[in-house]
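We use all heavy atoms of the structure for the numbers below, so side chains are in, but hydrogens, waters and symmetry mates are not. Residue numbers run from 1 in the order of the sequence given.
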Amino acid sequence: MAEVFLRRLTRWQAETQRESVADLYVAARREGPADDGEGREEFLRRFAEHDIQRPGFEMVIGSDPALAGCCYGYAADRDGEWCRDFRGEVPQELRELGAAGRLFIIAELMVLPAYRRTRVATRLQQTLLIRSTAAMAVALVAPDNAPAGAAFRSWGWQPAGWPQPAGERSDREAWSRSLP
């Protein structure tokens, strides 16, 4: 297997890579517990209409030269929209950090099955977060995705609550981690 090189993309570059990222999304979920039923078209809609349009959008890709993995996210909006759909109480620390503009949300972390357990995911999330001025990061993880949960736990993340997006599935758990 060739070495995977990481590259940070601008918003414009991310937009031009959306079809490749959608292909990666489908391929990464085809095998294993991460298959959440969201199809390629739904991913593209969410990526174009919601994720990439957010202030503070950041994206890192890994390639060898073909796309092997991707991680992207954005700064939480200060008005608290990001947490309105949580089931139960959102931890006070997360609410305060969001209102202060000090919370970063990882929207997606995906790696092709052939590159799992090769530190590609570790490097992607580290590279995405290294330039962040946020005090804490939040990511959503499917509770039945044991490998993802184990990876996040090994990176120092901890469970933080259960989101319940309006009109969507509600089976992903929020994990958080303090940033240096």
**Asked** Stepwise, does the side chain to side chain contact (heavy atoms under 4.5 Å, CB included) test hold for Ile106 with Leu129?
**Response** CA-CA 9 Å; Ile106 292 183; Leu129 296 173; 4.1 Å; yes
**Asked** Taking atom CG of Leu128 and atom CD of Gln126, what is their separation to the nearest 0.5 Å?
**Response** 11.0 Å
**Closest non-hydrogen atom pair, Ala134 against Arg102** = CB-O, 3.4 Å
**Asked** Which atom names give the shortest non-hydrogen contact between Leu97 and Ala135, and what distance separates them?
**Response** CD2-CB, 3.8 Å
**Complete:** When every non-hydrogen atom of Ala28 is compared with those of Leu112, the smallest separation belongs to N-CD2, 4.2 Å
**Request:** Grab the two heavy atoms, one from Met136 and one from Ser178, that are nearest each other, plus how far apart they are.
**Result:** CE-OG, 3.4 Å
**Fill in**
Arg7 meets the side chain to side chain contact (heavy atoms under 4.5 Å, CB included) criterion, sequence neighbours left out, with Leu9, Gln13, Ile61
**Message:** Within this structure, what is the CZ-CZ distance for the pair Phe104 and Arg177, rounded to the nearest 0.5 Å?
**Reply:** 11.5 Å
**Asked** For Tyr25 and Gly39, which heavy atoms make the closest approach, and how far apart are they?
**Response** CE2-O, 4.4 Å
**Request:** Quick one: pull up CG in Leu103 and CD in Glu93 and give me the separation to the nearest 0.5 Å.
**Result:** 9.5 Å
**Prompt:** About how many Å separate CG of Asp77 and CD1 of Ile105, when rounded to the nearest 0.5 Å?
**Reply:** 7.0 Å
**Request:** Would you mind reporting whether Arg29 and Phe43 have side-chain heavy atoms less than 4.5 Å apart?
**Result:** no
**Asked** With Arg8, which residues qualify under salt bridge (charged side-chain N to carboxylate O under 4.0 Å, His left out), at least two apart?
**Response** Glu58
**Request:** With sequence neighbours left out, write down each residue that passes salt bridge (charged side-chain N to carboxylate O under 4.0 Å, His left out) with Glu41, or none if nothing qualifies.
**Result:** none
**Between Phe47 and Tyr72, ring centroids under 6.0 Å** = yes
**Fill in**
Residues Cys70 and Val21: closest non-hydrogen pair is SG-CG1, 4.3 Å
**Request:** To the nearest 0.5 angstrom, please state how far the CG atom of Asp64 sits from the CD atom of Glu3.
**Result:** 10.0 Å
**Item:** Joint cluster assignment, Leu44 & Val26, ILVMFWY side-chain distance < 4.5 Å
**Value:** no
**Request:** Dump the intermediate steps for side chain to side chain contact (heavy atoms under 4.5 Å, CB included) on Trp175 and Arg153, then the final yes or no.
**Result:** CA-CA 9 Å; Trp175 286 59; Arg153 191 175 310 284; 3.4 Å; yes
**Heavy atoms from other residues, nucleotides or ligands near CZ of Arg11 exceed 12 (cutoff 6.0 Å)** = yes
**Complete:** Here the gap from Phe152 atom CZ to Gln125 atom CD, rounded to the nearest 0.5 Å, amounts to 6.5 Å
**Request:** Apply the test side chain to side chain contact (heavy atoms under 4.5 Å, CB included) to residues Thr118 and Val4: give CA-CA distance (whole Å), side-chain angles for both, the deciding distance (0.1 Å), then the verdict.
**Result:** CA-CA 10 Å; Thr118 63; Val4 174; 5.9 Å; no
**Steps toward side chain to side chain contact (heavy atoms under 4.5 Å, CB included) verdict (His50, Arg45)** = CA-CA 8 Å; His50 299 289; Arg45 183 201 60 75; 3.3 Å; yes
